Amino acid sequence: MTDPITPPRARFAPSPTGFFHVGSARAALFNWLFVRQHGGTFVLRIEDTDEARNRPEWADGIITALDWLGMSPDEGPYFQSAQEASHQAAIEALWDSGALYACACTREQIDERTRERAAAGDPTPGYDGFCRDLGLPRGDGRALRFRTPDEGVVEVHDLVRGDVEFPQRALEDFICVKGNGKPLFVLANAVDDRTMAISHVIRGEDQLPTTPRQIMLWGALNGAEGADLALPAYAHLPLLVNERGKKLSKRRDPVAVEMYRAQGYLPDAFRNYLALLGWSPGDEEIVPLEVLLEKFRLEDVQRSPAFFDIQKLSHMDGVYLRALPVDGFVAAARPWVDPAPGEWSPESWTDPDTGAPVVSPPAWAPERYDVGVFASLADVIQERVTTLSEVPELVDFLFLEDAPDDPDSFKKAIAGDEGAAQILSAALAAYEVCPWDKEALHELTQAIADTVGRKLGKAQAPIRVAVMGRTRGLPLFDSLAVLGRTETCRRLAAALARLAA
RNA sequence: GGCCCCAUCGUCUAGAGGCCUAGGACACCACCCUCUCAAGGUGGCGACACGGGUUCGAAUCCCGUUGGGGCUGCCA
């Protein structure tokens, strides 16, 4: 598509009815990308008109999450609840122009008539226009409906899906003002887009069916207000679905962006992965932001739904983690390994169902944590984790008082290995006097392996478990070198004692 | 039920009528490397939903079928 003559104004308009949904994050990203490459404005509008379900902290959560992903708005946040005056003005204008009429039907009455119609062979669902020409006055808790034409089609020109036609006869007279006088989403949304001079509406495909209503409303508003505002361009993004192909649901799918943050996904990796859902940069998938900004095209967006694949996200996060400079990695890992309070901690995210944190705080005391010690092993940690929340288990042996106790590992490599005592004793004897560096440790341990007639891989297991607690983990000799002779030998002796007991 | 959307390996996708014996990535499997575990390397498995057209030629265009999904609230 050719660049618009005037810079675009796109909005991200979430409703604060829960945590920040990954689908929302993807929509925000595509808006943001589009606006950035055209020198436009990214507007954040919080649609908080549903008093029953909104909570201020959810709005804060959206802002924090956008900030985390590096997509802070250029304008806003605007709160829809603050736009009441313009909503009311629009309602008055629409009423005066005759575009609306009051309806006294209850849901039950409408359903009843639908059933009767169906029984008579008419399959048309929805409102039948019962009150359309009754000339009922406003008030008395009556909702206001929009008078839709009976003939013709409404055409949506969609930037990703092409032209989509909706036959008018399938479009019922929909409610746009509640019985309490407040506007419904379909109206408030359109009015706000007008007052905020929005040029591009980029949102999920689930909004496509309401688009013809908004287009009709837009036209009616132009007439009623004597204005001639250009309709925004629409772009409906493919839905994000779960493994069963269903739209991601807050109920049963892991969709909270905050949760991914707590689990230690890097924002750059998360954003990169999000960009790949419904769009492709072509050759290389792992692309820096600059390339994303250069290559992204709304018209290249896929039309079919995309599965949110945590495995691929994790792979990508691992790649980003490994690509970090070591000091960058140390800094990024801080909230997961340093028990001292920081400005944000992974335990701050609690599962909405259980109320429990999804990530536990480090098991060691704040005073035992040593960033220098951590940094000295950072390079070997870096290539072994896929997310930052996996880091603590790799380094706990450094900061806990004793070796971590993993019963399965102890049983497998020490208690259940009749050669373990000999290896442990030999290691203890040798380690007490040898030069303390990883090369010397490596050679000595190899010598012990030779004398007991085992490969080093087999011989190191008891030592590893005695000192580091588990059969798997960081490279042994690097770890011992950092832990130190005193503590290493103490733990070897402790394992021997435990074995003897 | 009605309206709308969608359809390439298990998944995300490349593919804009001949470059396709359909390419890449994740996952999976095997081997190599190796002090465990990773990382890395090499190789393997694996898809154009089906049926009709159009065309010299179709994954690509058209129609239909089937399948999947979304919407169908005085929620947003």
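A, B, ... follow the sequence lines: proteins, then strands. Residue 1 opens every chain. In this text, all values refer to a predicted model and were calculated from it rather than measured experimentally. Side chains are part of it too, since the values below use all heavy atoms of this structure and drop only hydrogens, waters and symmetry mates.
When the C1' atom of B/G23 is taken as reference, atom CD of A/E285 falls 12 Å away, rounded to whole Å. Remark: P of B/C4 and OH of A/Y234 are 19 Å apart, rounded to the nearest angstrom. Counting to the nearest Å, the P atom of B/C74 and the CZ atom of A/R145 are 7 Å from each other. The CG-C1' distance, from A/D478 to B/A38, rounds to 13 Å in whole Å. The distance from atom CZ of A/F308 to atom C1' of B/C26 is 13 Å, rounded to the nearest whole Å. Summarising the geometry, the separation between CG on A/D317 and P on B/A39 is reported as 13 Å, rounded to the nearest angstrom. Between A/N272 atom CG and B/U13 atom P there is a gap of 14 Å when expressed in whole angstrom units.
Straight-line distance between the C1' atoms of B/A7 and B/A49: roughly 7 Å, to the nearest whole Å. Rounded to the nearest Å, the gap between the C1' atom of B/C50 and that of B/A14 is 24 Å. The P atoms of B/A30 and B/C37 are separated by 14 Å, rounded to the nearest whole Å. Going from the C1' atom of B/G46 to that of B/G24 covers 14 Å, rounded to whole Å. Rounded to whole Å, the C1' atom of B/G2 lies 33 Å from the corresponding atom of B/A59. Here, B/C62 and B/A25 have their P atoms 32 Å apart, quoted to the whole Å. Across the P atoms, B/U11 and B/U65 are found 25 Å apart, a figure rounded to whole Å. For the P atoms, the distance linking B/C12 with B/G73 amounts to 30 Å, nearest Å.
Annotation: side chain of A/F270 is in contact with side chain of A/V257 (closest heavy-atom distance under 4.5 Å).
Under 4.0 angstrom from either OP1 or OP2 of B/C5 there lies no side-chain N or O belonging to A/R303. Checking the phosphate oxygens (OP1, OP2) of B/C74, a side-chain nitrogen or oxygen of A/R107 falls inside 4.0 Å. Close to B/U36, at under 4.0 Å from its OP1 or OP2, lies no side-chain N or O of A/R384. Using a 4.0 Å cut-off, no side-chain N or O of A/T210 falls inside it from OP1 or OP2 of B/C71.
With no hydrogens or angles considered, no side-chain donor-acceptor pair links A/Q168 and A/D150 at under 3.5 Å. Judged purely by distance below 3.5 Å, without hydrogens or angles, the side chains of A/D48 and A/S81 pair a donor atom with an acceptor atom.
Across all non-hydrogen atoms, the minimal contact from A/W279 to A/R297 is NE1-N, 3.7 Å. Scanning both residues, A/Y273 and A/F307, for their nearest heavy atoms gives OH-O, 3.6 Å.
In this structure, A/S314 reaches neither bases nor backbone, as no heavy-atom distance under 4.0 Å exists between it and the strands shown. Within 4.0 Å of A/I463, counting heavy atoms only, lies no atom of the nucleic acid at all. Base engagement by A/F477 is indicated by at least one non-hydrogen atom pair under 4.0 Å involving a base atom.
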Polar pairs (N or O, both sides) under 3.5 Å between protein and nucleotides 63-69 of chain B?
from  : atom 1 : to     : atom 2 : distance (Å)
B/G69 : OP1    : A/K246 : NZ     : 2.4

Give every pair of a protein N or O atom and an N or O atom of nucleotides 27-34 of chain B that lie under 3.5 Å apart, one pair per line with the distance.
none

Between protein and nucleotides 41-49 of chain B, what N or O pairs are separated by less than 3.5 Å?
none

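In terms of position on RNA chain B, the residue among A/G473 and A/P209 whose nearest nucleotide sits closer to the 5' end is A/G473.
Checking side-chain atoms of A/R454 against main-chain N and O of A/D450 turns up no donor-acceptor pair under 3.5 Å.
Here the options are A/R161, A/Q207, A/R203, the test is side-chain hydrogen bond (donor to acceptor under 3.5 Å, both in side chains), and the partner is A/H236; only A/R203 passes.
Take A/D253 and apply the salt bridge (charged side-chain N to carboxylate O under 4.0 Å, His left out) test, not counting sequence neighbours, and it matches no residue.
Less than 4.0 Å separates RNA chain B from at least one heavy atom of each of the following residues of residues 169-180 of chain A: A/A170, A/I175, A/K178, A/G179.
Nearest to the side chain of A/L276, among B/U13, B/C71, B/C12, sits B/C12.
For residues 11-26 of chain A, the pairs satisfying salt bridge (charged side-chain N to carboxylate O under 4.0 Å, His left out) are A/R11-A/D193, with sequence neighbours left out.
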